2 protein chains.
Amino acid sequence: MAGSDPPQVPESLQRLWGVSSVVARGARPALSVDRIVAAAIELADEHGLAAVSMGRVAEHLGVSTMALYRHVASKDELLTLMVDGAAGPPPELPLDAGWRTATDVWARALALRTRGWVVEVPISGPPLGPNSVAWMEAGLQALRDSGLGPLERVAVVTTLSGYVRQHTALLQDMHTRSGGRAQHEIEFEWRRTLANLVDPERFPEVSAVLAMADLAADPGTPADGADAADSPDPADDPDFDFGLACILEGVARLAERERDETVDPTHTRIADDR
Amino acid sequence: MAGSDPPQVPESLQRLWGVSSVVARGARPALSVDRIVAAAIELADEHGLAAVSMGRVAEHLGVSTMALYRHVASKDELLTLMVDGAAGPPPELPLDAGWRTATDVWARALALRTRGWVVEVPISGPPLGPNSVAWMEAGLQALRDSGLGPLERVAVVTTLSGYVRQHTALLQDMHTRSGGRAQHEIEFEWRRTLANLVDPERFPEVSAVLAMADLAADPGTPADGADAADSPDPADDPDFDFGLACILEGVARLAERERDETVDPTHTRIADDR
DNA sequence: TACGCACTGTGTATGCTATACACAAGCAAC
DNA sequence: GTTGCTTGTGTATAGCATACACAGTGCGTA
């Protein structure tokens with residue numbers, strides 16, 4: 001009953017955390033989990049997640065396909081490890097600039113670090129890899145003086161990373177579909193296509209958005225025509241800003257309300273009614 | 001230059017929107033996109049998305065595998081159609097109860113309707129199916145009197161659906177991993193596993209959360225032991241409530257601020273500083 | 001020093017997958 | 001009736017993840 005059994009920790013994860021434990025007895029390994037993961041990530045970065053097959057990863061490493069299975073239990077496990085590896089370590093956060101700034105930086109850094117293919121791999125459950133945990137730690141630290149409880153901070157971090165994930169997914173999809181054209185161009189075309197399909201009577205709101213003049217107009221490239229098509233950076237997107245601000249604003253408001261209720265339940269803030 | 005060319009609308013989507021256009025010339029079809037999609041959805045509901053292969057769908061319909069390709073261009077397209085079909089039509093919203101209530105209802109309805117396997121299919125880009133558009137329309141209507149601009153409302157709807165998606169994914173994953181055990185039990189086990197791996201010195205915040213007494217304790221089933229394992233309903237999860245409230249609160253705040261700036265830029269609200 | 005044995009990488013084989021291609025049958029328009 | 005498009009079918013192919021038996025390698029022990 002006591003904590004003696006190590007549950008289904010995938011073994012390769014143990015190696016990632018430095019819990020090797022076993023003594024080296026046989027032939028010295030020419031391969032390692034890290035090398036495999038690195039090769040797979042490189043492949044995904046260059047040719048997309050679809051190009052990551054066990055055979056190709058092995059070929060890229062100059063070993064046979066089955067050699068990989070000595071270090072990784074399955075392709076699914078490899079994908080999970082890839083996601084963790086691609087996340088990398090979190091950046092230093094400006095913790096003394098206030099929780100809001102720190103969290104904002106955190107989210108933008110995460111968005112920047114999240115490669116497009118990461119969102120294509122099916123959800124890998126609760127984070128278990130070292131980097132994932134490190135990001136979680138950083139997020140929790142950013143929110144330390146927000147006034148929220150620990151569990152709520154976890155919820156916020158989860159929500160934010162989900163938001164980043166979602167946004168990256170959309171950008172990635174558009175980028176994939178684009179075939180080199182600019183993002184705005186794709187969105188423009190999508191809008192035109194959809195406008196031909198929807199019935200303005202059944203879908204007035206959608207139609208209104210689709211028909212908006214400042215959108216239907218040809219999208220002039222905003223900046224100096226930089227290669228936004230090459231590196232889709234969510235932080236560039238004004239929609240990203242809005243959604244992020246939205247979430248952070250909500251966090252602030254909830255934290256504030258909670259603080260009031262906790263510290264001084266009788267005291268009501270001025271003009272905080274409604 | 002004029003709008004004469006129908007862009008790459010996948011044809012089967014056209015059929016979904018009722019734009020059949022072509023006259024029936026050859027043999028009368030015994031199959032239809034809807035029947036295929038329905039069969040695929042049924043299969044996914046029963047045995048998971050992994051069980052959905054072209055062969056099995058065809059077998060389930062009593063036709064040959066290749067017959068499907070007369071109505072669906074590829075498996076990817078079928079998946080997209082499945083997602084739209086599984087969404088179904090949006091519910092009636094209490095629009096006169098205020099945007100916040102309406103949006104809350106909208107999000108919970110979406111969470112309820114989102115089957116677990118839906119989040120497993122890779123992002124299908126901007127919504128194009130009739131049901132997806134209908135949900136978008138409903139969301140925009142819910143937010144009509146929020147005071148936000150049309151584009152911001154789109155951003156909010158996108159963010160919310162992403163949030164629902166994210167949450168469903170996590171629940172789904174736990175549910176898959178569980179193998180029948182209750183959700184709390186899984187979370188408990190995950191916590192214990194992770195607690196053995198993380199170094200409290202490097203990850204103080206995470207460790208603190210993992211060590212929290214009220215969580216490490218055995219999780220008593222909250223309700224009357226209902227079959228929460230069978231139907232993972234995100235709306236049951238308090239975490240879901242918190243995140244949703246967070247986003248909606250942020251929306252309210254931003255809308256409020258925007259209204260102030262737009263209507264009367266010179267007027268500063270009392271006690272709205274910081 | 002020699003043996004055993006755990007461990008590493010390899011080659012082959014299997015079953016499943018999506019999908020291209022050529023064909024046969026049905027039915028409207030001419 | 002003939003033509004030609006459309007629909008369903010059978011066969012074939014290439015790619016995939018992965019099981020299994022085998023061969024080399026080097027540490028711990030006799």
Side-chain angles (χ1 to χ4, degrees), chain A residues 10-12 14-15 19-40 43-44 47-82 117 120-122 124, chain B residues 10-12 14-15 19-40 43-44 47-82 117 120-122 124:
Chain A
E11 169 116 29
S12 63
Q14 290 188 13
R15 261 176 280 203
V19 192
S20 62
S21 71
V22 213
V23 283
R25 259 260 255 177
R28 212 160 307 124
L31 223 47
S32 71
V33 179
D34 302 80
R35 289 223 309 140
I36 294 177
V37 172
L43 224 55
H47 305 102
L49 191 65
V52 177
S53 73
M54 298 302 267
R56 262 192 286 262
V57 172
E59 188 187 28
H60 198 260
L61 283 167
V63 297
S64 103
T65 303
M66 294 312 292
L68 305 184
Y69 286 92
R70 292 286 176 203
H71 304 261
V72 166
S74 67
K75 186 183 179 181
D76 277 336
E77 197 181 289
L78 174 58
L79 288 178
T80 302
L81 296 176
M82 283 173 66
W117 53 264
E120 288 182 57
V121 20
S124 38
Chain B
E11 170 117 27
S12 62
Q14 290 189 14
R15 261 177 279 203
V19 192
S20 61
S21 71
V22 214
V23 283
R25 256 260 256 176
R28 211 161 307 125
L31 220 50
S32 72
V33 180
D34 303 79
R35 290 223 309 142
I36 295 176
V37 172
L43 224 55
H47 306 102
L49 192 64
V52 177
S53 75
M54 298 303 266
R56 262 191 287 262
V57 172
E59 187 188 27
H60 199 262
L61 284 166
V63 296
S64 104
T65 304
M66 293 312 291
L68 306 184
Y69 286 93
R70 292 286 176 201
H71 303 261
V72 167
S74 68
K75 187 183 179 181
D76 277 336
E77 197 181 289
L78 174 59
L79 288 178
T80 302
L81 296 175
M82 284 172 66
W117 54 264
E120 287 181 59
V121 17
S124 41

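Every chain is numbered from 1, with letters handed out A, B, ... down the list of sequences. Nothing here was measured: the structure is a model prediction, and the numbers come from that model.
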Of all heavy-atom pairs between Arg35(A) and Ala30(A), which one has the smallest distance, and what is that distance?
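Heavy atoms only, the tightest pair is NH2-O, 3.3 Å.
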
Can you name the closest pair of heavy atoms from Val37(B) and Met82(B) and give their distance?
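Answer, listing the atom of Val37(B) first, then Met82(B): CG1-CA, 4.0 Å.
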
Any idea which of dG8(D), dT7(D), dC7(C) is nearest the Ala30(B) side chain?
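Nearest nucleotide to the side chain: dG8(D).
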
From the options dT7(D), dC27(D), dG24(D), select the nucleotide whose nearest atom is closest to the side chain of Arg28(A).
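Of dT7(D), dC27(D), dG24(D), dC27(D) is nearest to the side chain of Arg28(A).
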
Near DNA chain C, which residues from [range] have a heavy atom under 4.0 Å away?
{"range": "residues 61-68 of chain A", "result": "Val63(A), Ser64(A), Met66(A), Ala67(A)"}
{"range": "residues 69-77 of chain A", "result": "Arg70(A), His71(A)"}
{"range": "residues 48-60 of chain A", "result": "none"}

How long is the line joining CG of Leu31(B) and P of dT6(D), in whole Å?
17 Å

Starting from C1' on dT8(C), measure out to CD1 on Ile36(A) and report it in whole angstrom.
12 Å

Any side chain to side chain donor-acceptor pair (under 3.5 Å) pairs touching residues 66-79 of chain A, not counting sequence neighbours?
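Qualifying pairs: Ser12(A)-Glu77(A).
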
List the atom pairs, donor and acceptor, that lie under 3.5 Å between side-chain atoms in residues 55-65 of chain B and the rest of the protein, sequence neighbours left out.
unit_1   : atom_1 : unit_2   : atom_2 : d
Arg56(B) : NE     : Ala51(B) : O      : 2.7
Ser64(B) : OG     : Met66(B) : N      : 3.3

Taking atom CD1 of Ile36(A) and atom CG of Leu31(A), what is their separation to the nearest 0.5 Å?
4.0 Å

So do Leu78(B) and Leu68(B) actually touch side chain to side chain, heavy atoms under 4.5 Å?
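The answer is no; the side chains never approach within 4.5 Å.
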
